[in-house]
Amino acid sequence: MKYWLMKSEPDEFSIDALKQKKSEPWSGVRNYQARNFMREMRVGDLIFFYHSSCPEPGVVGIAEVGSETHPDPTQFDAKSDYYDAASKQEEPRWLLIDVKYKRKLKRTISLDEIKQLDLGDFALTRRGNRLSVLPVTKSQWDQILALE
DNA sequence: GCCAACGTTGGC
DNA sequence: GCCAACGTTGGC
């Protein structure tokens, strides 16, 4: 069992939106590193749902991986913002998984608090980090969740 | 293969 | 809205 963190701008897709929809195909990831992490995901892995680009960035909920990776259909949709003309049906460049709602945290565990923990090397708090999908170790997971 | 220009992310 | 950091693109 592995642990992950996935970012979303609450204006675009919030934890409340996920709660309402129960599960969401996570389309639109267009970064190779993030894609490669998704490829390592297995059904049942746990995900910190993180709100970014908002008044209080931080972990707001827990989700789980609801499917194996499969091709992201938006890459083939010319009308989509995520359309990639260079990606071929026979060899899809971009993948997605389904993100399944588990629960909302009692409160937001802010980025500020997370930075104050001693988490070692952590992609979320690495300087200049922009990854939207990143791995979390069990120890990092437990330390962050202990703040709830 | 280098690297400047450009676009995007995301905290503040 | 600003801007640092970083990934990608494309000319050479």
Side-chain angles (χ1 to χ4, degrees), chain A residues 2-21 23-41 45-66 69-137 139-148:
Chain A
K2 287 186 176 166
Y3 300 88
W4 307 95
L5 181 145
M6 296 178 82
K7 297 177 184 173
S8 184
E9 299 187 18
D11 288 348
E12 297 294 323
F13 194 80
S14 68
I15 186 70
D16 290 322
L18 182 64
K19 183 178 183 177
Q20 202 173 5
K21 295 193 69 177
S23 183
E24 178 74 2
W26 210 253
S27 58
V29 173
R30 294 294 179 271
N31 170 285
Y32 289 105
Q33 227 182 323
R35 180 204 65 185
N36 293 344
F37 284 135
M38 285 201 294
R39 209 146 47 188
E40 291 175 34
M41 290 181 176
D45 282 1
L46 293 175
I47 302 165
F48 274 146
F49 197 94
Y50 179 94
H51 279 173
S52 66
S53 297
C54 59
E56 195 186 20
V59 175
V60 294
I62 295 174
E64 69 180 354
V65 177
T69 45
H70 47 101
D72 179 345
T74 62
Q75 70 195 301
F76 304 121
D77 178 2
K79 291 195 288 291
S80 168
D81 287 346
Y82 302 122
Y83 179 59
D84 183 351
S87 184
K88 299 197 174 61
Q89 290 276 357
E90 320 82 66
E91 205 183 334
R93 182 177 291 180
W94 304 113
L95 304 169
L96 60 72
I97 52 128
D98 291 341
V99 174
K100 201 169 142 197
Y101 178 80
K102 272 190 88 76
R103 73 176 179 91
K104 214 173 144 173
L105 298 190
K106 295 181 207 111
R107 66 180 193 87
T108 299
I109 299 172
S110 71
L111 176 60
D112 206 45
E113 292 171 84
I114 292 170
K115 280 179 176 166
Q116 286 169 39
L117 296 171
D118 186 13
L119 296 174
D121 187 35
F122 186 30
L124 182 72
T125 48
R126 235 178 257 156
R127 199 170 61 103
N129 160 69
R130 292 160 50 199
L131 266 182
S132 62
V133 177
L134 53 99
V136 178
T137 65
S139 153
Q140 289 163 347
W141 179 276
D142 290 343
Q143 283 188 73
I144 292 167
L145 206 50
L147 295 177
E148 186 184 8

Undergrad: Any Lys/Arg nitrogen of A:D84 or A:R30 sitting under 4.0 Å from an Asp/Glu carboxylate oxygen of the other?
TA: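 Salt bridge: no.
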Undergrad: So does A:L147 get a backbone contact from the side chain of A:R107, meaning a donor-acceptor N/O pair under 3.5 Å?
TA: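 Present.
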Undergrad: Could you check whether A:K104 pairs with A:D16 (Lys NZ or Arg NE/NH1/NH2 to Asp/Glu carboxylate O, under 4.0 Å)?
TA: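 Salt bridge present between A:K104 and A:D16.
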Undergrad: Look at the rings of A:W141 and A:F48 and say which category their plane angle falls in: under 30° parallel, 30 to 60° tilted, over 60° perpendicular.
TA: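 The arrangement is parallel - the two ring planes meet at less than 30°.
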Undergrad: Do the side chains of A:K88 and A:E91 get close enough for a salt bridge, i.e. N-O under 4.0 angstrom?
TA: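 No salt bridge links A:K88 with A:E91.
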Undergrad: Nucleotide range of DNA chain C contacted by chain A, 5' to 3', under 4.0 Å to a heavy atom?
TA: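 The contact span of chain A on DNA chain C goes from C:dA5 to C:dT8.
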Undergrad: Counting the atoms with a prime plus P, OP1 and OP2 as sugar-phosphate, which does A:S52 contact under 4.0 Å by heavy atoms, base, sugar-phosphate, or nothing?
TA: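 If one applies the 4.0 Å heavy-atom cut-off, A:S52 turns out to touch the sugar-phosphate alone, with no base involved.
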Undergrad: Restricting to non-hydrogen atoms, name the atom on A:A34 and the atom on A:V29 that form the minimum distance, rounded to 0.1 Å.
TA: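 Between these two residues, the closest heavy atoms are CB-CG1, 3.6 Å.
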Undergrad: State which residue, out of A:F76, A:Y32, A:Y83, fulfils the ring pair (Phe, Tyr, Trp, His ring centres under 6.0 Å) condition with A:W94.
TA: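 When ring pair (Phe, Tyr, Trp, His ring centres under 6.0 Å) is applied between A:W94 and each of A:F76, A:Y32, A:Y83, only A:Y32 qualifies.
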Undergrad: Listed in order of residue number, which residues of residues 108-127 of chain A have a non-hydrogen atom at under 4.0 Å from DNA chain C?
TA: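 Of all residues in residues 108-127 of chain A, the ones placing a heavy atom under 4.0 Å from DNA chain C are A:R127.
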Undergrad: Check residues 50-61 of chain A and write down every donor-acceptor pair under 3.5 Å in which the side-chain atom is one partner and the other belongs to a residue at least two apart or another chain.
TA:
{"from": "A:H51", "atom 1": "NE2", "to": "A:I15", "atom 2": "N", "distance (Å)": "3.1"}

